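As structure tokens, the structure follows; a few thoughts come after it.
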Protein chains: 2
Amino acid sequence: MDEIDRKLIAHAQNDGRASYAEMGAAVGLSVSAVNERLKKLQASGAITGWGARASAEALGLDLLAFVHVLLERPEHEAAFRQTMRDTPAVQECHHVTGEWSYLLKVRVANTAALERFLTERLKTVPGLGRSHTVIVLSTVKETPALPTE
Amino acid sequence: MDEIDRKLIAHAQNDGRASYAEMGAAVGLSVSAVNERLKKLQASGAITGWGARASAEALGLDLLAFVHVLLERPEHEAAFRQTMRDTPAVQECHHVTGEWSYLLKVRVANTAALERFLTERLKTVPGLGRSHTVIVLSTVKETPALPTE
DNA sequence: CTTGAAAGGTGATTACG
DNA sequence: CGTAATCACCTTTCAAG
């Protein structure tokens, strides 16, 4: 993982359909070298996959919310985590420090869908305590690309 | 944007390097139809781009934090937003409801880098009030793919 | 790592049903 | 939307410097 690898990852994150020739030109490598490095980066797990980036609006997902969750009973953690993994609306689920146990990033169509998630998915989990929902009014920045600097 | 488009987006999100033939087989379309639909989805903005997914650990980004920010003076919003856009460590920046103004998702190497971000980047913004940082202990789920169901 | 070459696959476009 | 055909480009692998 040298400086060239970082540049390569940065470029691959922002233009995943670029040809090896283009990537090579961007980082100063030949096509063969790009091929080899990308293969190694994927084998080592530095690059985990490739994917299209979709627009939430276009998919009708007009509501983004962060939900803070308190889980008082540790014996119910496994069930809670599995529910989060199985729920498509949950984009992220983090175990966090502070007054709450978990922080969720939830994307749904509207407030009705958010209500369904909260009442039918979240509050039905055994051992679940309070929760606190923060609605996103607008997004200034949101990139799936990791910083390489 | 019909059911096939949604399936196509779902597949493209999870396997961005699949050939048109593979995507066609997955959603029940011919290669030509996949080609046409993907082009339309990109022209309409439903698909905004393609990119590699990288591992935060591999890039040495061992610390993930959510930073709640209070911005009391509205006249300094533009400068604050620009700073967030210009800071690679800031993966997300949302304007939110509740007791805080903004919620940031910040990814850095370690606590020292987090301290640098907070003192040198964030607290130097004019008009910035209090902030509250939540550290991620572990991540149960984190996907850049939007739900299509 | 680079160059060059060879083989097969793919993206993009066209035409027709 | 499907099939078929075309062509330029691309991916992949290999050998040699």
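This one's a predicted model, so the numbers in the text were calculated from it and none came from an experiment. Values below: all heavy atoms of this structure, side chains included; hydrogens, waters and symmetry mates excluded. Order of the sequence lines fixes the chain letters, A, B, ..., with proteins taken first and strands second; residue numbering starts at 1 for each chain.
The aromatic rings of B/Trp100 and B/His68 lie tilted to each other, with the angle between the two planes from 30° to 60°.
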Quick one, B/Val69 with B/Arg130, criterion side chain to side chain contact (heavy atoms under 4.5 Å, CB included). Give me CA distance, side-chain angles, the key distance, then yes/no. CA-CA 6 Å; B/Val69 175; B/Arg130 294 187 307 124; over 6 Å; no
With salt bridge (charged side-chain N to carboxylate O under 4.0 Å, His left out) as the test, would you mind laying out the steps for B/Lys105 and B/Glu142 before giving the verdict? CA-CA 12 Å; B/Lys105 182 179 177 183; B/Glu142 182 176 30; 2.6 Å; yes
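Heavy atoms of other residues, nucleotides or ligands lying less than 6.0 angstrom from CD of A/Glu149 number 12 at most. Heavy-atom neighbours of A/Arg85 CZ from other residues, nucleotides or ligands within 6.0 Å: above the threshold of 12.
Shown are A/Leu104, A/Val106, A/Thr87, A/Val90; of these, the side-chain contact (heavy atoms from CB on, under 4.5 Å) with A/Leu122 is made only by A/Leu104. With B/Val96 as reference, A/Val134 is the one residue of A/Ile135, A/Leu64, A/Val134 to meet the side-chain contact (heavy atoms from CB on, under 4.5 Å) rule.
Across all strands, B/Gly24 comes closer than 4.0 Å to no nucleic acid atom at all (heavy-atom distances).
A heavy atom closer than 4.0 Å to some atom of DNA chain C occurs in no member of residues 4-12 of chain B.
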Under-3.5 Å N/O pairs linking protein and nucleotides 11-14 of chain D:
| from | atom 1 | to | atom 2 | distance (Å) |
| --- | --- | --- | --- | --- |
| D/dT11 | OP2 | A/Tyr20 | N | 3.0 |
| D/dT12 | OP2 | A/Tyr20 | OH | 2.6 |
| D/dT13 | OP2 | A/Lys39 | NZ | 2.3 |

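Between B/Gln13 and B/Trp50, the side chains place no donor N or O within less than 3.5 Å of an acceptor N or O (distance only, hydrogens not considered).
Using a 4.0 Å cut-off between charged nitrogen and carboxylate oxygen, B/Asp2 and B/Arg37 count as a salt-bridge pair. Under a 4.0 Å N-O distance rule, the pair B/Glu77/B/Arg81 qualifies as a salt bridge.
Mapping heavy-atom proximity under 4.0 Å, the span of DNA chain C touched by chain A runs 5' to 3' from C/dC1 to C/dG4.
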